[in-house]
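Only one structure is covered here, and it is reproduced in the block below.
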Amino acid sequence: MNVAPDAPSEAAIATLVDCFYERVRRDPELGAVFNPAVHDWPEHKALLSRFWSSVERGTRSYRGNPMAAHLRHPVRAGHFDRWLELWRESCAEVLDAAGAARMIDHAERIAHSLKLGLGLRPHSRRLGVPMMHLPVQARES
């Protein structure tokens, strides 16, 4: 495992995740989505610490599917904007400038990917072209 020198430590990641999710729990917009969905906050924070450790430090300690986890909940595009706002605040509070920049960059890319995967593209335009489903034979050729 080759860890970047400016990657936050495991302890810093755990502190960041704890700080961030305490903000999420208290937030009127995000708390309304997360609080009913998370039944064990300490376990959820541990899971997300493993996720961020895998992203930032390459630990491969996270096993899960973030896209599938978010599909079950009433998530809107605006939730990701608020999520990123709280994430940036938490990063600035907990991490040094280099670590915060790394974590914010990854979070922005992850949020964008999740929005696309969940079909939450607020700035896209429908083309007005009906979708065509090709028979299996046509797709295989």
Side-chain angles (χ1 to χ4, degrees), residues 1-140:
M1 176 173 63
N2 191 9
V3 179
D6 58 347
S9 68
E10 297 281 341
I13 290 170
T15 300
L16 172 62
V17 167
D18 187 56
C19 174
F20 171 70
Y21 278 103
E22 285 307 310
R23 284 186 166 125
V24 167
R25 290 175 74 177
R26 291 188 308 267
D27 187 75
E29 187 177 353
L30 294 180
V33 174
F34 277 87
N35 289 324
V38 178
H39 304 291
D40 183 345
W41 277 102
E43 175 53 34
H44 187 69
K45 289 176 184 179
L47 175 72
L48 272 293
S49 291
R50 289 190 300 273
F51 171 80
W52 284 107
S53 177
S54 294
V55 168
E56 285 298 314
R57 301 183 59 77
T59 60
R60 299 182 181 180
S61 58
Y62 174 77
R63 300 285 182 262
N65 183 334
M67 191 69 68
H70 288 86
L71 278 172
R72 300 185 285 251
H73 306 292
V75 179
R76 298 186 323 268
H79 289 133
F80 286 98
D81 298 333
R82 181 67 180 143
W83 184 88
L84 284 169
E85 187 179 331
L86 295 179
W87 184 254
R88 287 181 193 107
E89 290 173 9
S90 300
C91 286
E93 181 179 315
V94 173
L95 303 174
D96 64 22
R102 288 179 61 85
M103 296 294 275
I104 290 167
D105 180 61
H106 278 111
E108 288 171 346
R109 287 189 275 144
I110 290 166
H112 178 75
S113 176
L114 284 171
K115 280 199 275 190
L116 290 175
L118 296 170
L120 303 173
R121 295 176 281 204
H123 301 296
S124 65
R125 296 181 301 169
R126 295 192 182 273
L127 298 175
V129 178
M131 293 297 293
M132 244 177 107
H133 296 283
L134 298 174
V136 174
Q137 295 166 295
R139 283 185 272 167
E140 291 175 351

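In what follows, residues are counted from 1 in the order of the sequence shown.
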Between CG on residue D81 and NZ on residue K115, distance to nearest 0.5 Å: 4.5 Å
Approximate separation, where rounding is to 0.5 Å, of E29 CD and H79 NE2: 4.5 Å
Interatomic spacing from CH2 in W83 to CZ in F20 - rounded to 0.5 Å: 5.0 Å
Rounding to 0.5 Å, atoms CG (L86) and CD (E22) come to a distance of 12.0 Å
Using a strict 4.0 Å threshold on nitrogen-to-oxygen distance, state whether E85 and R23 make a salt bridge. no
Let's go through W87 and L16 carefully: what are the C-alpha distance in whole Å and the side-chain angles of both, what is the deciding distance for side-chain contact (heavy atoms from CB on, under 4.5 Å) to 0.1 Å, and is it a yes or a no? CA-CA 9 Å; W87 184 254; L16 172 62; 3.5 Å; yes
Minimum heavy-atom distance between S54 and T59, given as atom pair plus value: N-OG1, 3.3 Å
Nearest heavy-atom contact between L95 and A12 is CD2-CB, 3.8 Å
Could you go through residues 98-108 and list every donor-acceptor pair under 3.5 Å that involves a side-chain atom there, pairing it with any protein atom two or more places apart or in another chain?
unit_1: R102; atom_1: NE; unit_2: E56; atom_2: OE1; d: 3.0
unit_1: R102; atom_1: NH1; unit_2: D6; atom_2: OD1; d: 3.4
unit_1: R102; atom_1: NH2; unit_2: E56; atom_2: OE1; d: 3.4
unit_1: D105; atom_1: OD2; unit_2: R109; atom_2: NE; d: 3.2
unit_1: D105; atom_1: OD2; unit_2: R109; atom_2: NH2; d: 2.6
unit_1: H106; atom_1: ND1; unit_2: E56; atom_2: OE2; d: 2.3
unit_1: H106; atom_1: ND1; unit_2: R102; atom_2: O; d: 3.1
unit_1: E108; atom_1: OE2; unit_2: R88; atom_2: NE; d: 3.4
unit_1: E108; atom_1: OE2; unit_2: R88; atom_2: NH2; d: 2.9

How long is the gap from OG on S49 to CD1 on I13, to the nearest 0.5 Å? 7.5 Å
Could you measure the distance from the CZ atom of F51 to the NE2 atom of H44? Nearest 0.5 Å is fine. 11.0 Å
Look only at the side chain of R57 and the backbone of P8, and say whether a donor-acceptor pair between them is shorter than 3.5 Å. yes
Do V55 and S53 touch side chain to side chain, with heavy atoms closer than 4.5 Å? no
